[in-house]
Amino acid sequence: MTFAFLLESHFMPRSRTLHPLRRSELPQDAAELARFLIGKTLVRELRRNGETRRILARIVETEAYVPGDAAAHSFIGQTARNRSLFLERGHAYVYFCYGMHYMLNVSAEAEGTGAGVLFRAAEPLEGAERMQGFRTARDPRKIASGPGRLARAMHVKRTLDGLDITHVGPLWIAAPLRPVGEIAISVRIGITKEAHRPLRFFERGNPAVSGPRHMNE
DNA sequence: AGCCAGATTTTCT
DNA sequence: GAAAATCTGGCTA
């Protein structure tokens, strides 16, 4: 059992050099990108009183929404809401769901093709207390366990929609800070269309992974 | 650990 | 006007 708050205090130096993953390093294929992102570092930079503060989290669960996928928001074609899914891979797609949650995705495939990857869960690495401050959660493992919780903990809002996350900025992706474990696959959560497709990826055994136990084996 | 209802608003038909 | 890539708290056991 590895807990984020232990890692932060014992393993991680206070400041370290992170470099963003270049777009050329990202697989173009949505399912491959979803798998690739497991173990990578999600970086959120927040401006507070003139200084920049970082939140770092390790991605532990993703879902792919692929071309021609009836469950994907891009399936109906490009609209005002989903246009970011049609950008070149590596751009944020943020939408508002169930009247109270933001969902963070990254675009996949070629420019003009609608597809993306949903960030479903992450393990806090740095700034866990700040992440917790954005929520009212008590269990540290659940701070960013679930797409709505993740977005809330990382302070992700619709203002980040369309952002290129392959460059240093308010939100970007960096190389892993710790090796990735075994990656497991399941069907996706919370959808009704194309619900049988094995497009959910997660790090097996990681306590920050969301979803019912029977889907996490 | 699992089931259920209620919250709440954007988006598209 | 209905559905939605969800979360929380309360209940049962």
Side-chain angles (χ1 to χ4, degrees), chain A residues 1 29-38 42 57 59-87 89 91-109 113-124 131-162 165 171 184-202 205-217:
Chain A
M1 292 280 244
D29 180 88
E32 285 180 30
L33 178 61
R35 169 187 274 273
F36 170 86
L37 288 171
I38 302 297
L42 191 56
I59 299 159
V60 300
E61 181 184 348
T62 60
E63 277 177 0
Y65 289 85
V66 303
D69 176 359
H73 284 186
S74 50
F75 187 69
I76 58 172
Q78 193 169 336
T79 66
R81 173 174 73 159
N82 70 18
R83 65 189 162 75
S84 298
L85 286 174
F86 293 80
L87 297 174
R89 67 190 187 279
H91 290 83
Y93 167 52
V94 181
Y95 72 94
F96 195 54
C97 185
Y98 288 112
M100 56 184 88
H101 305 291
Y102 291 98
M103 303 283 131
L104 173 62
N105 302 251
V106 60
S107 63
E109 306 289 341
T113 299
V117 173
L118 170 68
F119 292 92
R120 281 200 59 92
E123 171 189 336
M131 294 173 76
Q132 204 151 19
F134 293 135
R135 341 183 341 91
T136 52
R138 320 133 305 275
D139 186 343
R141 292 171 296 184
K142 293 189 177 154
I143 291 175
S145 178
R149 291 169 177 164
L150 184 152
R152 186 168 171 192
M154 304 291 285
H155 215 248
V156 168
K157 298 273 162 49
R158 180 91 178 141
T159 52
L160 296 178
D161 184 63
I165 66 172
L171 182 73
I185 304 176
S186 80
V187 296
R188 294 172 292 184
I189 292 179
I191 57 169
T192 53
K193 299 168 203 153
E194 309 227 15
H196 62 285
R197 301 184 74 167
L199 291 171
R200 172 175 176 258
F201 301 85
F202 58 97
N206 190 300
V209 169
S210 79
R213 193 181 200 91
H214 70 269
M215 290 189 67
N216 294 338
E217 290 166 358

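As the structure is a prediction and not an experimental result, all values here were calculated from the model. In what follows, every chain begins at residue 1, and chains take the letters A, B, ... in the order their sequences are listed. Note that these values count all heavy atoms, side chains included, but never hydrogens, waters or copies made by symmetry.
- Per the geometry, CE belonging to A/Met215 stands 13 Å off P belonging to B/dG2, to the nearest Å.
- Inspection of the A/Asn216 and A/Arg200 side chains reveals an N or O donor paired with an N or O acceptor under 3.5 Å.
- Rounded to a whole Å, the NE2 atom of A/His214 is 14 Å from the P atom of B/dA1.
- Aromatic ring pairs are classed by plane angle as parallel below 30°, tilted from 30° to 60° and perpendicular above 60°; the pair A/His73 and A/Tyr93 is perpendicular.
- Closest-nucleotide positions on DNA chain B for A/Ile76 and A/Arg213 were compared, and the one nearer the 5' end corresponds to A/Arg213.
- Between A/His101 atom NE2 and B/dG6 atom C1' there is a gap of 11 Å when expressed in whole angstrom units.
- Residue A/Arg81 is in sugar-phosphate contact alone, with no base atom involved, counting any heavy-atom pair closer than 4.0 Å across all strands shown.
- Between the CZ atom of A/Phe75 and the P atom of C/dA5 there is a distance of 14 Å, given to the nearest Å.
- With distances taken from any side-chain atom of A/Phe96 to the nucleotides B/dA7, B/dT9, C/dC7, the minimum falls on B/dT9.
- Looking only at atom types and distance, the side chain of A/Arg89 has no donor-acceptor partner in the side chain of A/Ser107 under 3.5 Å away.
- We find that OH of A/Tyr102 is positioned 16 Å from P of C/dT6, with the value rounded to whole Å.
- Of the candidate nucleotides C/dA5, B/dC12, C/dC7, C/dC7 has the atom nearest to the side chain of A/Arg149.
- Look at CZ on A/Phe119: it is 18 Å from C1' on C/dT6, rounded to the nearest Å.
- Distance A/Ile191 CD1 to C/dA3 C1': 15 Å, rounded to the nearest Å.
- Counting non-hydrogen atoms under 4.0 angstrom, A/Met100 reaches a base of the nucleic acid.
- Side-chain atoms of A/Arg149 come within 3.5 Å of backbone N or O of A/Ser145 as a donor-acceptor pair.
- For the residue pair A/Asp161 / A/Ser84, a side-chain donor-acceptor distance below 3.5 Å is found, with atom types taken as modelled.
- Stacking of A/Tyr98 onto the six-membered ring of B/dA7 is not present when judged by under 5.5 angstrom between centres and under 30° between planes.
- For the pair A/Asn82 CG and C/dA5 C1', the interatomic distance rounds to 13 Å; values are reported in whole Å.
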